[in-house]
K.L.:
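Let me give you the structure first, and then I'll get to my questions.
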Amino acid sequence: MQLFPCPFCGPRNEREFHYVAEPGKTRPDTTGDITAEDWAAYLYDTKNEKGPVREVWMHLTCRELFVMERDSVTMDVLGSKTLRRTLPAEGAA
Amino acid sequence: MRDDSQSWAPPPDHSQPLHGAGVTVTRILPVRQTLISAPDILTRQPAALGWPDVATGDRYSLCLRRDRVLEINGPERAAGWHDGQAISDITDGLIVFEIAGAAALALIQRGTEISERQPSRSVQRLGFGTELMLYRWEDRLRLHAPRADGPALWHRLKAHLDLMG
Amino acid sequence: MNKTYSALNLFREGLRGQRGWAPAWRSPKPKPAYDVIVIGGGGHGLATAYYLAKVHGVRNVAVLEKGWIGGGNSGRNTTVVRSDYYYPESAALYDMSVRLYEGLSRELNYNIMLSQRGMMILAHSEAEMEIAARQVNAMQINGIDSQLLDTEGVRKLAPILNFDRGARYPIHGAMYQGRGGTARHDAVVWGFARGADRLGVDIIQNCEVTDVIVEGGRVTGVATTRGEIRADRIGAAVAGHSSVLAHMAGYRLPIHSYALQAFVSEPLKPVLDTVVLSPGHGTYVSQSDKGGLVFGGGLDRIPSYGQRGNLPVQETVIGGLSEMVPMFSKVKLLRHWAGIVDVTPDSSPIIGPSGVEGLYLNCGWGTGGFKAIPVGGYMLAHILATGRHHDLSRPFDLSRFTRGRLIDEGAASGIAH
Amino acid sequence: MSGRRLSQGGLIDRSRLLRFRFDGRDFTGHPGDTLASALLASGVRVMGRSFKYHRPRGLWGAWFDDPNAVFNVRLRGDELPNCPATTTALVDGMQARAVNAWPNAENDLKGGLDLFHRWLGAGFYYKTFMWPDWHLFEPSIRKMAGLGAVDGKAIDGYVADQLHDDCDLLVAGGGAAGLAAARAAAEAGYSVVLADDHPTLGGSLYQGDEPIEGEEPQAWVAAQVAAIRAAGGRILTSTTVFGLYDHGLAALAEDRGFARAPRLWRLRARRTLVATGAMDRPITFADNDRPGVMSLQGAAEFLGRYGVLAGQRIAVLSNNSHSAPIVARLRAAGAEVIEADPAEGAPRALGGKRLSGVQIGARKIDCDTLLVSGGLTPTVHLWRHAGGKLDWSAEKAAFVPGAGPDHMLAAGAANGTFDLDPALAEARAAALGTPHATGASGYRVRPLWPQPGSKGRQWIDFQHDVTLKDVELAARENYVSVEHLKRYTTLGMAADQGKTANMAGLAAMAAIQGRPIPEVGTTTFRPPFVPVPMELYHGTRRGQAVNPLKRLELEPQHRAAGAAMGEYGGWLRPAWYGPEDQSAITAEVQAARQAAGVFDGSPLGKIEVMGPDAAAFVNFIYYNTIATLEPGHIRYGFMLRENGLIFDDGVIARLAEDRFLISCSSSHVAGVEAMLESWRQDGNDPDRIFVHDTTQHWATITVTGPQARAIVAALDTGADPATLAHMTLTEGRFGDSPLRIARVSFTGDASFELSVPASRAADLWQAVLAAGTPLGARPIGLEAMSVLRAEKGFIMVGKDTDGETMPHDLGFDVPRRKKKAAFVGDRALQTEAANAADRRQLVGLRVADSGTVLPTGAHIVTGDGPQRSIGFVTSSYFSPTLDRPIALALLESGQQRIGDRVQLRHLGQSLSATVTAPCALDPEGERLNA
């Protein structure tokens, strides 16, 4: 059982987290024309790296969406950072 | 069509406390529970409690998220978006149990990974298969859980008390 | 040296201390170039090489394995073979696999112990019975054996299950495929390896591909820990590491890697003949010929290349098994392990061109790669030999994601195995 | 002469006698005994039969390293299979029998199998049984296999207590090193947990009788325990650390007695010290599996812990310095000990079921017991679980812990430090994190590995009957990688996980290939360290507590009204009211169509979206245009996934300019809320949108039917239902509580959803029934509701949709073509597949009025050529309202087939029906406003 650092709550048991996606995929502006290839790439393509990775996770209990850096082989957690621009009250981590 | 209704025991009676070795679990009924969300809610309510902060008295608020608190027995507030805050009455949405006794934390540790040595800004966590808001209140623990999960949670707490002997 | 396996040869060898058996496969040095390179010495890669040689006469083939053959998912799965799939495309593919399996021991002259003791997916409610009926009908229309069992039908085949009506997931019935069952996973790998080797294929272990050489948009070879090896046709069957290879060659795949766990108990005298899956508990179980309960469940929830599992899923799966068969709660768990599987958005495999000319894919089998080993190899061999899709593999081309033609067996496969 | 109990010594209580049976014979032992020690003390030699050849076997080890004595044990009606005799504490009244032997271990009918061993070598089954078919041979082979039988009964009250805890330092192993480390750390202020699998701490200290730090072992152990406890450290005995997992998590199994479920500790340790000791290795020689051949360390344990002398005339075969004190102790206990050097020649054990001697080269030693020690192997399993590396120590002829993760420590024999004083110093330094240089080792060992080509049957894996010849065969056939060796021969795969076999196996392969041992490598060490009952992972999450259902506030009222309760979308809800389903459902549908149905709709989602950007946000989330919705109004719509597939359907109400209420499906509340939060925080301004799930604060009672308006009017709500238009909502009062009234319909008749805070639900239920019953209203369950909505052609997501359905397949095509603003899934509705002409679309199916109800799940097939499925029945009922069967289906190009006759197939049967529009009742919608 792993411990993931929620940027707001601090370290919590992995059961409280949900993997969301790889970061860096911006939703295309769908009011304009988008090729089927670009849309499929946005929807489906992954880097799926072996080793250090950056991923978007959700802390289910506080619903914080954040970027976590970890190693997909050793499971070491390297850090986490909120996706929020404004930080009215800094969390425990 | 097959009737599996007998599979399901009627919901437990919460009105009688549960007793175990060194623990008592009681249902308590706050007059009001209010969800308040705002970008600056933790500035507006800096006293909102995290773990293992200790609540006292009747009226306090709990830090749930970066931008959300649960106000216990606060003033009546109009639901909706007012004054830069989103407000909902959730009094009947959350069932509240109080756990007293020396083994209170040991009971909770049956259902969730928690330690007094590991503080957390939020009181929300997963435990016993449901969402809990768990915090210290005076010399006890209190937890709030979704109302419809109350029977299952009660059942699990009872099972653990029986095992703890 | 004795090369043919038979009861008679076994008897003769017994008399002389089993000293005359030939190696099951050679361990040759890699040649500088081959007609075809297959990356990945698991079941799929070895089957690809075997069918290349056997069906297409392409024998100048190397299988490159970074460790020992069968060391990936082929040797880490729970050995279930079945073709209880919903969509015609999947049904045709997986049923061809079962048919190939059915003749495999004799074709390879290696007993893979295909044991068709039946596979059932339980239905825990009236609603699940309706879905099971829909599935059974689909399979029958697709020409695959399948039955809808009621509670008594299930009881007859697996009396040890929990038939208590107060069970959290009571048993209303099941979808049953009699030709489903298990096969000895290592034997499948070794059988294909031996078969391919005897047809001239070079199986090269401890040979890790470190780069894919692409020149002018075409593949021309690979760099390995044992030197550069050239070929202008390369097949990749590297489940779990498909994205790593994609990264080397410069294409992208719609794949996440996850750990899938498997479990085995201490050996018991036989108590369970069929493979049983409970969708409610997310657990499935069979009993091996050695007596151990072999079981598993869904994927770990954390993307992973670490070949080990995690407690939360263990608790779900093992707890689920104890609910399915209450007496198993006192049986001891012997070990658990995990493999890394390729998970695609529609849980269906990707077979076909990679986007880099000359490089073809066999990946994305998710939790169900073992059952597809023969057909996966057959299809990849076909496309490597002819440059064209086999009719059965065409729907599984990578282009389906752009076209929106996903083959989502999510509903049909229930859970992982 | 074989084993016997000494009159003194050991940790047993000789003042009490425990009676037990083994293989039908009566025995006695003492508290503190294991089944193995009590049997050994009683002179029993044969305690089991091997897996394949049914060879007679006696004890090899005294603890978890024994592969041979495996029993089914029964106590007061509770039976556990496959209990290792060496680790099963003796309890008065136990009945044990050796597994894999009949009628007993001493005289096993299958013992004759051994005669055929030359044909049953490694992997023989891969080479035969292919003609005519494996299925012919398999059943009898299955019967032969397996160890103990499981008796079919669960044990009452066999429930694991599972808990979480944490500490600064976990010490695995309570021998000298572990105790010293735990004490040092606890006294330095760390929170310490020390766990040891024995009931008594001290590890291997009882094997010899030298003092430790000037004290007798028992006194020294007691002093450490007292000091650890005084410093706040915790000590868990009979507790095995069986697995180390990520981020410092250790899993511990605490034994709580026979036939009682162990306790699972999920312990988060900041640091973990492996102080698990070392095991004696067997020596590989001819017939080294004979009963009477035992590990030297095992004999020392039996002597030190249990006061049992393993034999009277004992030969000792050892290659290391560890044996000298044990030999001295055995002699002191009264045994005649003959030491032999294995270098004198290839040894061969003599005798059958009972050892009679050992031949070493030309020398023959008569003895009843042969104790062997092939050197010590550190118990590095936990080190490897945590990802620590192993180094080969040529000096110690063993793998020892090498580089490891920062939080992992190893000390004592587990770390290859076999001498006591250096082990203590090393352990204390490790616990405190102080630097420490291990001095020269006093341990001397002369490597002694299996010799390929040597004569006789030499066992490598005792339980699985793997011999040196099997390893040689594997090598000959090129199964040379250590994993291939393991899998081909099954070496190390038995219930003891190769604790005694693995080193010998890989050393044999190394010798055969002429490679150094570390180059051959080791197989993976996987949890659990010893087999643990599955119950350990099970606990209180059992029965109804597995994925527990959410419970309705009104459940007592429903039960009182005779409801059959069933599971619907994670909630326990009324399926119908009455003893029998069909008549009840019919009556409920009729009441709802003719008067009114009263339905508990409380689980329906009530998610509020608030804030300045709420309108734009929900407009993006929904397929349908929501931005134009007026306050007080309600709209039906779909939420899609980004891949264009339907995620959920339901209504959304605008409560105010900046406040929306989403009524999603009951089973989707958490999923919808998480989805909303995801989009809110990714691509939107989360400071201008807030999402509150208020579902469980409200109870909702739906009144539907011609009399619904009259019933609602009869309640004192302050709102006039007559003025409430379809798809609008208003607020009223119910007593002193707020009341929300929404006019939406899932039945096609006028319907009112009345929502009050959950604590007022019972009062509202009573009031509605009091007003409605005189008008013919009655409670209706989910099944009746399902019929009512199907009559109208309304879908249920997940039932009438599948993993391919898009909204335009259900006839909702306008937003796809016309909605200007971006919305979730928009582009995916324009792919080749989304635009295909042959998409499956929602239709109705009609059979002859007198016909039977089509089975749900029946497929619609094309008749020409080989059959092909073109669709399937998703919902099908007998409609009491129309007095005929109705059905909904998803059908390829369904809209173009309306009016066509189609063939269906169900479980081999052929059926037919006519394709219709989905709505079978009141297509003009007159009832809605009637």
Side-chain angles (χ1 to χ4, degrees), chain C residues 5-7 10-11 14 18 21 23-25 27 68 71 105-106 110-111 113-115 125 130-131 133-134 136-138 141 148 168 186-187 266-271 289-291 310-311 314-315 318-319 321-323 326-337 403-405 408 410-411, chain D residues 80-82 118-119 121 124-130 134 138 141-143 145-147 149-150 152-155 158 245 473 476-478 481 483-484 487 495 526 528 531-535 537-538 541-544 546 802-803 831-834 855-859 861 867 869 872 905-907:
Chain C
Y5 295 165
S6 68
L10 186 68
F11 179 75
Q18 313 274 359
W21 294 114
W25 58 84
S27 290
W68 39 281
S105 288
R106 276 172 280 175
Y110 201 108
N111 187 359
M113 297 183 224
L114 175 70
S115 176
S125 65
E130 291 175 355
I131 290 168
R134 188 210 290 180
V136 166
N137 287 327
I141 292 164
L148 187 67
R168 173 64 183 89
D186 291 327
E266 59 191 355
L268 301 169
K269 293 295 175 200
V271 286
D289 286 341
K290 222 171 81 186
N310 228 349
L311 264 183
Q314 289 163 22
E315 291 179 13
I318 301 173
L321 181 63
S322 300
E323 291 287 312
M327 69 162 139
F328 286 170
S329 77
K330 65 183 181 182
V331 171
K332 292 189 281 298
L333 177 73
L334 189 54
R335 45 174 191 275
H336 60 76
W337 63 93
R403 294 157 56 224
R405 295 275 183 195
D408 194 344
Chain D
L80 293 179
N82 299 330
R118 57 177 63 227
W119 296 285
F124 74 95
Y125 30 76
Y126 298 129
K127 298 186 176 114
T128 182
F129 304 134
M130 288 174 274
W134 166 242
E138 191 190 16
I141 289 173
R142 274 176 87 76
K143 268 185 213 141
L147 288 179
V150 59
K153 278 191 297 196
I155 297 173
Y158 192 73
Y245 298 89
L473 176 61
R476 192 173 302 132
E477 298 190 273
N478 204 17
S481 111
E483 282 286 346
H484 285 157
R487 288 153 184 265
R526 295 193 170 104
V532 291
M534 303 228 218
E535 176 54 36
Y537 299 85
H538 189 199
R541 202 175 157 273
R542 63 205 302 128
Q544 289 185 16
V546 177
D802 68 3
T831 61
E832 179 194 308
T856 301
H859 278 252
V861 292
Q867 281 196 336
S869 166
F872 56 91
R905 250 186 80 153
H906 181 68
L907 304 179

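Naming: A, B, ... by sequence-line order, numbering from 1 per chain.
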K.L.:
Would D/L147 and C/E266 count as a side chain to side chain contact (heavy atoms under 4.5 Å, CB included) here? Give the steps.
P.N.:
CA-CA 8 Å; D/L147 288 179; C/E266 59 191 355; 5.9 Å; no
K.L.:
Of all of C/P326, C/S115, C/S6, which one pairs up most often with chain D through heavy atoms under 4.5 Å apart?
P.N.:
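Most pairs with chain D among the choices: C/S115.
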K.L.:
Please report the shortest heavy-atom distance between C/S27 and D/N478, naming the atom on each side.
P.N.:
OG-ND2, 2.9 Å
K.L.:
How close do C/Q18 and D/R118 get, counting heavy atoms only, and between which atoms?
P.N.:
NE2-O, 2.7 Å
K.L.:
Is it the case that the side chain of D/K143 and the backbone of C/K269 share a donor-acceptor pair, with hydrogens and angles ignored and the cut-off at 3.5 Å?
P.N.:
no
K.L.:
What are the two closest non-hydrogen atoms of D/H538 and C/S329, and how far apart are they?
P.N.:
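So the two residues come closest at ND1-CB, 4.4 Å.
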K.L.:
Give the intermediate values and the outcome of side chain to side chain contact (heavy atoms under 4.5 Å, CB included) for residues C/L114 and D/E138.
P.N.:
CA-CA 10 Å; C/L114 175 70; D/E138 191 190 16; over 6 Å; no
K.L.:
Would you tell me whether C/N111 and D/T128 have side-chain atoms, one donor and one acceptor, within less than 3.5 Å of each other?
P.N.:
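Absent: no donor and acceptor within the cut-off.
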K.L.:
Short question: side chain of C/W68, backbone of D/S481 - any donor-acceptor pair under 3.5 Å?
P.N.:
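Looks like no, no N/O pair under 3.5 Å.
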K.L.:
Quick check on the interface: out of D/V546, D/D802, D/L473, D/I141, who has the most heavy-atom pairs with chain C under 4.5 Å?
P.N.:
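Highest number of pairs under 4.5 Å: D/V546.
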K.L.:
Is D/L907 in contact with chain C via its backbone, its side chain, both, or neither, using a 4.5 Å heavy-atom distance?
P.N.:
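Both backbone and side chain.
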K.L.:
May I ask you to name which of C/G71, C/G404, C/G291 has the most heavy-atom pairs under 4.5 Å with chain D?
P.N.:
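The option with the most such pairs is C/G404.
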K.L.:
Looking at D/Y537, is its backbone amide N or carbonyl O close enough to the side chain of C/Q314 to form a donor-acceptor pair, meaning the two atoms are under 3.5 Å apart?
P.N.:
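Side chain of C/Q314 to backbone of D/Y537, a donor-acceptor pair under 3.5 Å: no, none is there.
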K.L.:
Do C/N137 and D/H859 have side-chain N/O donor and acceptor atoms under 3.5 Å apart?
P.N.:
no
K.L.:
Do D/N82 side-chain atoms and C/K332 backbone N/O form a donor-acceptor pair below 3.5 Å?
P.N.:
no
K.L.:
Quick check for you: to the nearest 0.5 Å, what is the distance between C/L10 atom CG and D/Y125 atom OH?
P.N.:
12.0 Å
K.L.:
Working to the nearest 0.5 angstrom, can you tell me the gap between D/W119 CH2 and C/F11 CZ?
P.N.:
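Between atom CH2 of D/W119 and atom CZ of C/F11 there are 5.0 Å.
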K.L.:
What part of C/V331 lies closer than 4.5 angstrom to a heavy atom of chain D: side chain, backbone, both or neither?
P.N.:
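Both backbone and side chain of C/V331 come within 4.5 Å of chain D.
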K.L.:
Would you confirm whether C/K290, through its side chain, and D/G146, through its main-chain N or O, come within 3.5 Å as a donor-acceptor pair?
P.N.:
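Such a contact is absent between C/K290 side chain and D/G146 backbone.
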K.L.:
Select one option (side chain, backbone, both, neither) describing which atoms of D/Y245 are under 4.5 Å from chain C's heavy atoms.
P.N.:
side chain
K.L.:
Most heavy-atom pairs under 4.5 angstrom with chain C, which of D/R905, D/R476, D/R526?
P.N.:
D/R476
K.L.:
What's the verdict on side chain to side chain contact (heavy atoms under 4.5 Å, CB included) for D/E535 and C/F328, showing C-alpha distance, side-chain angles and the deciding distance?
P.N.:
CA-CA 8 Å; D/E535 176 54 36; C/F328 286 170; over 6 Å; no
K.L.:
If I compare all heavy atoms of D/H906 with all of C/A133, which pair ends up nearest, and what's the gap?
P.N.:
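That closest heavy-atom pairing would be CE1-CB, 3.8 Å.
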K.L.:
Is the closest basic N to carboxylate O distance between D/R541 and C/E315 below 4.0 Å?
P.N.:
no
K.L.:
Without swapping roles, check the side chain of C/K330 against the backbone of D/I155 for a donor-acceptor pair under 3.5 Å.
P.N.:
no
K.L.:
Let me know if C/D186 has heavy atoms under 4.5 Å from chain D in its side chain, its backbone, both or neither.
P.N.:
side chain
K.L.:
D/H484 vs C/W25 aromatic rings, parallel, tilted or perpendicular, using cut-offs 30° and 60°?
P.N.:
perpendicular
K.L.:
Work out which heavy atom in C/L334 is nearest to a heavy atom in D/P528; give both atom names and the distance.
P.N.:
O-CD, 3.4 Å
K.L.:
If you measure from OG on C/S322 to OH on D/Y158, what distance do you get to the nearest 0.5 Å?
P.N.:
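Rounded to the nearest 0.5 Å, the OG-OH separation comes out at 9.5 Å.
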K.L.:
Show your working on side chain to side chain contact (heavy atoms under 4.5 Å, CB included) between D/R542 and C/R168 and close with a plain yes or no.
P.N.:
CA-CA 8 Å; D/R542 63 205 302 128; C/R168 173 64 183 89; over 6 Å; no
K.L.:
On a heavy-atom basis, which atom in D/M130 and which in C/Y110 lie closest, and how many Å separate them?
P.N.:
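Closest approach of D/M130 to C/Y110: SD-N, 3.3 Å.
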K.L.:
Under 4.5 Å, counting heavy-atom pairs only, tell me which of D/A154, D/S869, D/A495, D/P531 racks up the most with chain C.
P.N.:
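The residue among D/A154, D/S869, D/A495, D/P531 with the greatest pair count is D/P531.
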K.L.:
Of the listed residues (C/L311, C/I141, C/N310), which shares the most heavy-atom pairs with chain D below a 4.5 Å separation?
P.N.:
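So the answer, after comparing C/L311, C/I141, C/N310, is C/I141.
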K.L.:
Would you mind checking which part of D/F872 comes under 4.5 Å of any heavy atom in chain C, side chain (CB onward), backbone (N, CA, C, O), both or neither?
P.N.:
side chain
